[in-house]
Amino acid sequence: MNVEETALKIQDMTIRGAGRIARAAAAAMLDYAVKCKSMTLEEFLVGLDIAALRLISTRPTAISLSNAVSISIRGTKEQEDFNTARYLVISNAEKFIRNSNSAVEKIGQNALPLMKKPGKVITICNSSAAISAILECHKAGRITGVYACETRPKKQGLITIKELAKAGVPVTLIVDSAMRFVMPEVSIAFVGTDTLESDGSLINKIGTHLLAATARDFNIPIYACAETYKFLPASKIGQHVEIELRPSEEILPASELPANVKVFNPVFDRVPPELITGIITEVGIIKPEEAIRIIKEHLEDI
Ligand code: RI2
């Protein structure tokens, strides 16, 4: 799929999930490099920048998208000619996609010691990293049930229940506002990550802050499942990601909206580090205050 086709599918959320959009963006940069016919190095670099900006413009909150693009083009400006720059993009992008997929698997393995005895899990939205954690614990016989929040307005929870049911995990769908009702039964919460900032703040689907605050009220541990490429390098210097506002039609069709009524549709939450028990990465489990170390060790040069 080329850059424009990929950008349109990320924008309309046909391709969604911070990990999936990152892998799709890397694949689009790879596609661009493969299809480039002979040109000067300068022409190639300008084309890369245009492709990068188009992809990054699609969704502002998941830093995985821009990190994937930066990693795909890393080092191209230092190359001597078009062909070496072109092959560098191809190998960077292929490596990112491989590492991203294996990171999701490793997060599942790293999550297992957190469920020492069988219990119930709660999750929100549809996160491949959180699902990986749940599936590993399920395979070890540690899961007696999963509460999956429906996750208004796009209801990504309906994807989660299908994936877990197909894997034989006992899963129960709840409306988001029932999360407090079921929390007393829960042993642990696993949630996904769109962006992890250097102070340990978690940016994830709207409703995650509510889930974390409810977990704290019932003294339930909550872990963010975050591949290292979801950490925000620029947050070291105080930059934050923008919380995406999406069309009001996702909440209510215009035809049903009464006159003089506005709709506000923020689709991500910012969860303060003090509400997060830990962050499960592919390189191990860290405390929120260690996020800056991950950025220094894994994202310093992007
Ligand atoms: P994985 C999703 O956002 C959810 O917020 C999910 O928790 C996060 O990306 C991470 O998903 P959206 O694309 O990378 O549904 O773990 O808006 O799959």
Side-chain angles (χ1 to χ4, degrees), residues 6-27 55-56 58-68 96-97 99-111 121-136 146 148-164 167 176 179 189-197 201-212 222-232 241-247 250-251 265-271 276 279-282:
T6 303
L8 291 172
K9 285 182 181 299
I10 293 174
Q11 227 153 330
D12 72 10
M13 293 183 67
T14 305
I15 298 175
R16 52 145 302 277
R20 290 182 195 89
I21 63 177
R23 290 187 287 274
L55 290 164
I56 291 170
T58 54
R59 295 194 70 193
T61 309
I63 199 62
S64 54
L65 174 54
S66 67
N67 281 349
F96 175 84
I97 293 166
N99 290 347
S100 167
N101 283 315
S102 84
V104 172
E105 260 180 71
K106 286 177 189 160
I107 285 173
Q109 292 151 14
N110 290 340
V121 175
I122 192 166
T123 191
I124 189 168
C125 201
N126 175 245
S127 156
S128 48
I131 296 243
S132 175
I134 292 168
L135 292 182
E136 278 302 314
V146 175
C149 295
E150 177 190 42
T151 318
R152 286 272 292 148
K154 296 281 285 180
K155 302 186 180 178
Q156 291 93 323
L158 301 186
I159 305 168
T160 295
I161 59 171
K162 286 186 192 124
E163 291 178 352
L164 293 182
D176 302 337
M179 62 173 73
F190 290 131
V191 299
T193 299
D194 286 273
T195 293
L196 217 293
E197 296 185 337
S201 295
L202 164 66
I203 317 300
N204 194 51
K205 187 51 53 195
I206 193 82
T208 306
H209 194 160
L210 197 57
L211 186 68
I222 177 166
Y223 285 87
C225 302
E227 301 90 313
T228 52
Y229 63 86
K230 291 181 177 174
F231 285 65
L232 174 61
V241 285
E242 175 194 335
I243 299 292
E244 182 182 8
L245 302 180
R246 288 189 64 88
E250 290 184 357
I251 294 181
N265 184 20
V267 293
F268 292 104
D269 248 342
R270 179 184 300 281
V271 186
I276 301 291
I279 300 157
I280 311 169
T281 77
E282 69 273 30

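All ligand and atom numbering here is 1-based and tracks the order in the structure.
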Original post:
Is there side-chain contact between Arg16 and Cys125, with at least one heavy-atom pair below 4.5 Å?
Top reply: yes
Subject >> All side chain to side chain contact (heavy atoms under 4.5 Å, CB included) counterparts of Asn265, not counting sequence neighbours >> reply: Pro153, Arg246, Glu250, Ile251, Val267
Original post:
Will you find, in the side chains of Asn204 and Arg270, an N or O donor that is under 3.5 Å from an N or O acceptor?
Top reply: no
Original post:
Can you find a heavy atom in the side chain of Ile63 that is under 4.5 Å from one in the side chain of Asp194?
Top reply: no
Subject >> Per-ligand residue contacts, ligand 1, heavy-atom threshold under 4.0 Å >> reply: Met13, Arg16, Gly17, Ala18, Gly19, Arg20, Arg59, Cys125, Asn126, Ser127, Ser128, Ala129, Gln156, Gly192, Thr193, Asp194, Asn204, Lys205, Lys230, Phe268
**OP:** Test side-chain hydrogen bond (donor to acceptor under 3.5 Å, both in side chains) on Thr208 and Asp269 and set out the steps.
**Re:** CA-CA 6 Å; Thr208 306; Asp269 248 342; 5.3 Å; no
Original post:
Does the side chain of Glu150 come within less than 4.5 Å of Arg152's, by heavy atoms?
Top reply: yes
